[in-house]
Every structure is written in C-alpha cells, then in structure tokens.
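What follows is a short report on a single structure.
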There are 2 protein chains.
Amino acid sequence: MSNMTRFTIRPLYLQVRDMLVERITSGQWKPGSGISNEVDLSRELGVSVGTVRKALDVMEQEHLITRRQGRGTFVNDQTSDDLAMRFNRICGSEGNCLSMDILKSEIKAGRATEEEGAKLRLRAGDPVIRVRRVQSAQAKRVLLEQIAMPEARFPGLATKGHVPHRIVALAQQFGILLGGAQERLTVTRATSNVAEALAVETDTPLLELDRIVYSIDGRPVEWRSAMCHLSHGDYYSVDMT
Amino acid sequence: MSNMTRFTIRPLYLQVRDMLVERITSGQWKPGSGISNEVDLSRELGVSVGTVRKALDVMEQEHLITRRQGRGTFVNDQTSDDLAMRFNRICGSEGNCLSMDILKSEIKAGRATEEEGAKLRLRAGDPVIRVRRVQSAQAKRVLLEQIAMPEARFPGLATKGHVPHRIVALAQQFGILLGGAQERLTVTRATSNVAEALAVETDTPLLELDRIVYSIDGRPVEWRSAMCHLSHGDYYSVDMT
DNA sequence: AAGTGGTCTAGACCACGGA
DNA sequence: CCGTGGTCTAGACCACTTA
C-alpha cells in the first residue's frame, strides 16, 4: 500500500525505478538475464502492478531493459551490437554504422587541467585517465581521439593494458550505466600533428567531434575530443524527433 | 467500454491518439488553445480515463501537446521558439541556437529528378517546389540551402511570394504536423559557386548537411541539402540518449 | 472551493511464446 | 496448456492553478 507517511516528493514509480536500477548497478541482476515478472515484483515491493509497469516503462526508455511479450523482461547487455553503437554516429555509405579497429592506443594517468575539470565537473588537479588513440575502418584511418575520464570512476584502469574501444563496454566493466551524451561538431583543418596521426595531408578538412558522455545519474563519465577523416560516402548521422 | 468486436489490432489508446491528432490537423483544435479535460474526453469517446491519458502521453512525446497540472492540456504552437528550433542544431558559442535571417531566396516549381524522387518518395517527374536561399546570422553568411518539397503537400506555394524560413512554420500553414527528421553530415570544400554565395574563399572547408524532414505519418515533407560555414565558436549540436 | 492533470491501486482480459 | 507482458477499465486520492 505505502499509504504511510510520504515525505518524499519523488513519485513511487520512480522510487521503484531507482531500486531496480540499483539491482543492476550492484550486479544483483546481470546483463542478459531475465528479471522477476511484474506481479512478483509488485508483491515483493508492496506496490501495485501498474506502478511496477510504469517504472519498467521508464527503464525501457533508458535502454536498461528489454521486454518481450510472452517471454519476460531482460537486463540489456550494453555491449550488444545495437546498444554499443549508441554513441557512434559515423556511418558508411550503406547506412550501417562503421565498426572500427584500434590502430594505436596510449593510456596515461594525470591531473585534470582547467578545461578537463570544467568538462568532467572535477577540480583542476583531480586525478584523470587520458587515452590517445587512432581508430581505423577498412584499413583507412578515421578517428584520432583524445579522451579524459575521472580516475575515481575507473579505479585502476590506468595500470591495465587493455581499454575497450567502446565506452559502453568500458562502463559496463566498471558497473556504470550510461545515460546520454552531448556532442558538438565543427569543421577544422588538420594540423601537422593530426595530419601525421591520420596519414592525411596537412590542412585536410576534418570533422571535429567534442563529446561528453554522462552516466545515468547525470554525472560526466568521459570527455572525448576527436578528429574525424570521413571517406567518400561515409557520413555522420543525426536523427531528430 | 468498447468490449465489442475488436477486429483491429491497433491498440485502443493509439486509435484515440489518431482521433485527437485528426482534430489538430483538421483545424478543429487550434495551436495554443486548450483541449477538453481528460474525464470529458473519456466520456465523449467512450473509453476509460486511463486510455485517454495513455493517448495523451504519446502525443506529448510527439511534441503535439503540452500538459500542465492544474491548468489543462494545450495544443502546441509549432512556431514557438523552442519547438521551431527542433530541426536546427546550429548553435552559437553561448550554447544558444543561432537565429538566422534570410538573405536571398528563390522559389521555383519543377519536376522531380531521380534523386529528389528517391529522397521524397515520389516518381521522377512528379511536381516539386524548389527553394534556393542563403541564411545569415549576425551579418555573416552561414547557410546555403537547396530545398525540394512535394508540390502535392504544399498546393499553391510556388505562386506565393513569401516562404517562412522555418520548416515548422511552413508546415503549420499547410496543416502538416511534423514527426521527425534525419540529417547526414559530411565535410566538403566550397566550389566556386558555393564560395560566391557564402562569400568565402574557394576550397574553404564546409559542413554539408543533408536533411529529410518527415510528417507525423512518416512521409517525407522536405529534402534540404545545405552548405554551412561555421564561424569560430559556433557548432552543430547533437544530443544522444 | 472547484477544476485540472499526476499518481496509485486492483482487477479483468488479450496476445504472444514456449513446454 | 501455462506464464509472460500488453491493454483496458473504474475509481481513489494528491498536487497544482485559478478564481
């Protein structure tokens, strides 16, 4: 019933959503596994089925779960093909997302600059992890990335040799659920450094991508500044609703 | 109740949504005006309040209505500032959408080319309306647009002198509700023609925007190919969820 | 105080998937 | 066949706005 003292303003179905999200982040519910059915959940939590359904509606929109009539409700594997491409809008001429390979990758620990602090909502000097790498598609160099992440969210990452090249996979490893991202696009010309890394002529026009990825609670998780050299036919895709 | 023969598969709340959308497109409910309250609507349509609410939920996500607790539900004016910027992702350095002015504008009637037919789902040779124009922000030329629209959706537009420079305003004039859009971005260099129109040097790097806008029923309404010259600080903004 | 949308409940039936 | 999520109903109370 929960008819008792309601001091909190947050609606019940959002409180339920918070509890269920916690079960995912804590690892109690693992990606790919099914979760209790709606009736059982409602009994367990002491709320009505309608309230549970509304919580699940929210979580479905947040890409956290998938519901299939007749089968059940399942925790999403964020590394699955469709979800992994959520934050990659670079597509090939056939409309398919480009799957890229890592060419070079350096990882370093450091202290946040003023700019990194502003983007990641840290204080300047807070520990960060930086990655610089080149991604290629079909033997062509496409992306030169400079990434900064708060060390606090990825403890021990700097000492690991391997960093997954997709932010969704990295986040899932550290039990972080991603919410959204904002990307800003501009056009620039390749400086000599950039030109060398991407194997293009100096002054080649490039797409500059400045992206901040947020976790589901709205805190910044990654700041990526990338230079992108698009081959003929490739494009950056935006869907508006 | 509607317990009677249910041959249709489309859920009742979506049928209700369709009926309410029709009231907007037909002009029975005008932008800015309030609509009947949920209880009255449910009685009038012979469905439960919950079903009406679910229909309104959908319409709110489609940007068709705004609900305000204690006040009522209102039909959105698509030309209002926030909604008008829905399909314009070009922002200034302060994060605000650039509001632009029309510098030059030509409108012509014509017959669809193969490419226009493919983009607008017409047959080659079907009547189209074409617009070519330049937009500027703060005295700087920013956009060179080439637009094609199906004449059937905008009867008589070619003979009008004035074309609103925002697709949302134009659509509202002709009773079209817009659903979504897809934009494809690439980087190119200004050809001599483009350079002249935008008052830049030949070979200046430009952002090329290829956009198709769809009406709420999923049919193409406008195909725009634009060349964009971004000033320092301006950028194209993408939000991902 | 009256009227609105927002939340929550309890229970019914339907459509789908798998045993 | 059973269990699942999807739809639909009827009614209660809450929170907000306006008069």
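Worth knowing before you read on, the calculation uses all heavy atoms, side chains too, and leaves out hydrogens, waters and symmetry mates.
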Can you tell me how far P of D/dT9 sits from CD of B/E38, to the nearest Å? 14 Å
May I have the distance from B/I35 (atom CD1) to C/dG3 (atom P), rounded to whole angstrom? 19 Å
Could you tell me if B/R68 sits above the aromatic ring of B/F74, with its cationic atom closer than 6.0 Å to the ring centre and no more than 45 degrees from the axis? yes
Give a yes or no on whether A/E44 atom CD has more than 12 heavy-atom contacts from other residues, nucleotides or ligands under 6.0 Å away. yes
Would you mind reading off the distance between A/R53 atom CZ and C/dG6 atom P, rounded to a whole angstrom? 19 Å
When the distance from OH of A/Y13 to P of C/dT9 is rounded to whole Å, what number comes out? 13 Å
Which parts of residues 59-74 of chain A get close to DNA chain C, meaning a heavy atom less than 4.0 angstrom away? A/Q69, A/G70, A/R71
Does a side-chain heavy-atom distance below 4.5 Å link A/Y13 with A/V47? no
Candidate pair A/S80 and A/D82, rule side-chain hydrogen bond (donor to acceptor under 3.5 Å, both in side chains), full reasoning: CA-CA 6 Å; A/S80 69; A/D82 51 340; 2.9 Å; yes
Output the single nucleotide from C/dC8, D/dT7, C/dG5 whose closest atom is nearest the side chain of B/K54. D/dT7
Kindly determine whether B/L185 and B/L209 satisfy side-chain contact (heavy atoms from CB on, under 4.5 Å), including the steps that lead there. CA-CA 5 Å; B/L185 284 66; B/L209 311 173; 3.6 Å; yes
Write down the distance between CZ (B/R43) and P (D/dT9), rounded to a whole number of angstrom. 14 Å
Starting at CG of A/L41 and ending at P of C/dA10, how long is that distance when rounded to a whole Å? 16 Å
A/R67/A/R53 under side-chain contact (heavy atoms from CB on, under 4.5 Å): CA gap, chis, key distance, verdict: CA-CA 11 Å; A/R67 298 198 275 184; A/R53 283 192 60 77; 3.8 Å; yes
Rounded to whole Å, how long is the line connecting atom CD1 of B/I9 with atom C1' of D/dG6? 15 Å
Any idea which of D/dT7, C/dT9, D/dC8 is nearest the A/T51 side chain? C/dT9
Salt bridge check, B/K54 against B/D57: does any charged N sit closer than 4.0 Å to a carboxylate O? no
Does A/N37 place a side-chain N or O at less than 4.0 Å from the phosphate oxygens OP1/OP2 of D/dT4? yes
So for atom CD, which belongs to B/Q138, do other residues, nucleotides or ligands contribute more than 12 heavy atoms lying within a distance under 6.0 Å? no
Length of the CG-P vector between A/L45 and C/dC8, whole Å: 13 Å
State, to the nearest 10°, the angle formed by the axis through the first five base pairs of the helix from C/dA1-D/dT18 to C/dG18-D/dC1 and the axis through its last five. 10°
Show which side-chain atoms of residues 90-101 of chain A pair as donor or acceptor with protein atoms under 3.5 Å away, not counting sequence neighbours.
none

